Every structure is written in structure tokens, then in C-alpha cells.
Amino acid sequence: MGVKVKTIPTHRLDESTDEGFQLEKVYWLGEEEKSLALGSHRDDHYLFFVQLSGMSKGMVDFEQFVISSNSAFYILPGQVHSYEAADVGTTGWFVALDPGLVPDGFRAVLENPMLSIRPLELGEEGTAPFVQCLELAMRLYQQPAGSYSRQAVYSLLSSFTALFADLYSKQECLPMDKASRTQTIMLAFKRMLLADYKRLKSPGEYAAALHLSTSYLNEAVKETTGFPVSFWIQQQIVLEAKRLLYYSQSSVKEIAHELGYEDHTYFMRFFKKAVGRTPLEFRTEFGPAKPRH
């Protein structure tokens, strides 16, 4: 494991571009290219990969992944991940995209908490529509900026995300038509959960913020995902706690406070009940570093 940092770095898209996206064709040519590999961090935007040749690997929230030739993969905003090319000669496309540029109907698919996000092998024929879309977008982007050319690029990127949503919806048998009422509520809840889990801790608080009854919110979430609201609240808090325990040097008390718990002993009991081991036991098991207690 690499050197731990005080906090998990967050890469903001607006620090690199004011257009809401980055589009790049990547060539890994040799050892000197390893400087491009990214250590553990999170992003405030989507990452999409279409790999054409070679093999690359990395980790997303404690899950190892390998992307082979002619495969597609994406990473959600907020997920902690690292990436490195494994093979010399690996090529593909990389797209960073602001969530605001992804239509809600596609986000309902891509952000479905029951979706198994894993690299999908498509074959050369399967990757062709993705590549054609990105090549045209790149060609237009490299032209002198104009209102119509930029709008065309945004439209092509929307089509690109539609291809991803269609691809993953077929894998999971999810509908691609307009999201149902329960799916819309689930998406609204998930957005709020990601934004406010440090502040809101109970199903009732989320229901009130969404102007719904607690029973109706719970019914909608359980119908869509198979699990109640309390399960997803716990999952989000535990996942973030694991991230901080694994990737940072913050003490357990500091992590408890960062996650919105004034009483760190309560947080420790909560974590042990959910994970089956104390925060320090988890940290010891998953990393050799010796952080402050």
C-alpha cells in the first residue's frame, strides 16, 4: 500500500477546465508513462473508460478491477479509486464529465445502488459506436470554438453517456425508458445521501427534507433496491469510514467527528456492529501503516 495522506485527495473538474468535460485518447508507451498513473483519490465528476488494447488495472472502493482490450468501465463521483496501466501499448479513451451534463434518465441507471459496476468486454464491434462518437467529438472540439460546434460536442457526449446507460441497463435488466416515480425518489434520496450523510442520520430526516412521509420514502427505496433507507444510510457512512481509515492518517476520533458524530465511542460501536470489527481492527487488517489513535 502507498504512503497514507492526512485526507483523501479530491480532484475537481473545474480546476482543469471550465467546459464541464475532459476528453482524451490515451497511449501508454512505456515505463516513462507510469508517471501518469494516479494514486488513490476521488473525483467530483464521472470517469468513463473505453479501452481498445492492452490491459489496465486499479481499485475502486476496495474492489480490484482489470480492464481488458475492447472493454468499457466507469467510476462514479465520490468513489475512491486508483488507476495504473499494466501493459505497455495499452490504448483507449478517457472521458471526465460533470454530473450536470449527464441527463437524469441516464444517471438513474448509472447511479442505481444495485448496479454491479464492473468492466464489460464488448469486442471490437461493440466498442465501435463509443469510439465513433468520441472521435467526432474530439474532431469538433479541436476546431475553433463556436456556439454550434461546442453544442455539438455536448450533444455527442450526451449520446456517449446514453450508450453507457444502455449498455449497463441491459446487463442489469433495468428499463431505459423514463424513470418511474419510485426510481425518481430513489435517485433524489441517493443524491441527498451523498451530499448530506454527515449531517442527516435517520430515515425521518431524509423523508422530511424530500417532503415525503418516512413510510413512503422507505417503500420507494425498498421497492427499487430491495433494502430500506436505513440500510443505505449505514452503507454510506461505513463506506466513508472505511475510506478514511484506509487512506488517511486521521485518528478514529477525528474520523467520527468528520462523519458527524460528536460521541466517537458511539461511532465505534456503530462501526463494529456494521462491520464486525472495531475501526482500529479494520485499519490494522487492511494496512501496515501505524496511524494516530
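Because the structure is a prediction, the values reported are computed rather than measured. For the numbers below, each heavy atom of this structure counts, side chains included, while hydrogens, waters and symmetry mates do not.
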How are the rings of Tyr261 and Phe267 set to each other: parallel, tilted or perpendicular (split at 30° and 60°)? tilted

Tyr141 side chain near Arg139 side chain, heavy-atom distance below 4.5 Å: no

When rounded to the nearest 0.5 angstrom, what is the spacing between CE in Met55 and CD1 in Ile67? 10.5 Å

Surrounding CD of Glu135 (heavy atoms of other residues, nucleotides or ligands, distance under 6.0 Å), is the total greater than 12? yes

Ignoring hydrogens and angles, write down the donor-acceptor pairs under 3.5 Å from the side chains of residues 92-103, residues two or more places apart or on other chains.
residue	atom	partner	partner atom	Å
Asp98	OD1	Gly100	N	2.7

Quick one, Phe49 and Tyr74 - any side-chain contact, counting heavy atoms below 4.5 Å? no

Regarding Tyr154 and Glu19, is there a side-chain donor-to-acceptor distance under 3.5 Å anywhere? no

For residues 201-212, which side-chain donor-acceptor pairs fall under 3.5 Å, sequence neighbours excluded?
residue	atom	partner	partner atom	Å
Lys201	NZ	Tyr197	O	2.9
Lys201	NZ	Lys198	O	2.8
Lys201	NZ	Leu259	O	2.8
Ser202	OG	Glu205	N	3.3
Ser202	OG	Glu205	OE1	3.2
Glu205	OE1	Lys201	N	2.7
Glu205	OE1	Ser202	N	3.0
Tyr206	OH	Leu200	O	3.1

Quick one: does Arg243's side chain get under 4.5 Å of Gln79's, heavy atoms only? yes

Can you sort out the partners of Glu258 under side chain to side chain donor-acceptor pair (under 3.5 Å), two or more places apart, ordered by chain and number? none

All heavy atoms of Val80 vs all of Ser40, minimum pair found to be CG1-CB, 4.4 Å

Test ring pair (Phe, Tyr, Trp, His ring centres under 6.0 Å) applied to Tyr216 - qualifying residues, sequence neighbours left out: none

Among residues at least two apart in sequence or on other chains, which ones pass side chain to side chain contact (heavy atoms under 4.5 Å, CB included) with Gln132? Ala128

List for me each residue that meets side chain to side chain contact (heavy atoms under 4.5 Å, CB included) alongside Ala274, sequence neighbours excluded, and say none if there are none. Gln234, Val238

Report the residues that fulfil ring pair (Phe, Tyr, Trp, His ring centres under 6.0 Å) with Phe73, sequence neighbours left out, ordered by chain and then residue number. Phe65

Co-membership, hydrophobic cluster, residues Phe231 and Leu194, 4.5 Å side-chain: no

Are Ser71 and Ser68 linked by a side-chain donor-acceptor pair shorter than 3.5 Å? yes

Do the side-chain N and O atoms of Ser53 and Thr91 include a donor-acceptor pair separated by under 3.5 angstrom? yes

Got a donor-acceptor contact below 3.5 angstrom from the Thr17 side chain to the Leu13 backbone? no

In chain order, what residues pass the side chain to side chain donor-acceptor pair (under 3.5 Å) check against Arg107, with sequence neighbours excluded? Tyr46, Glu111

Who are the side chain to side chain contact (heavy atoms under 4.5 Å, CB included) partners of Thr182, not counting sequence neighbours? Ser180, Ala220, Glu223, Thr224

Hits for side chain to side chain donor-acceptor pair (under 3.5 Å) against Ser213, two or more places apart or cross-chain, chain-then-number order -> Ser215

What residues, two or more places apart in sequence or in another chain, satisfy side chain to side chain contact (heavy atoms under 4.5 Å, CB included) together with Arg199? Asp196

Aromatic plane relationship, Phe164 with Tyr168 - under 30° parallel, 30 to 60° tilted, over 60° perpendicular: parallel

Can you tell me how far the CG atom of Leu163 sits from the CG atom of Leu134, to the nearest 0.5 Å? 9.0 Å

Indicate yes or no: at least one non-hydrogen side-chain atom of Tyr246 is less than 4.5 angstrom from one of Arg283. no

Listing request: all side-chain hydrogen bond (donor to acceptor under 3.5 Å, both in side chains) pairs with a residue in residues 264-276, at least two apart in sequence or in separate chains. Asp263-Thr265

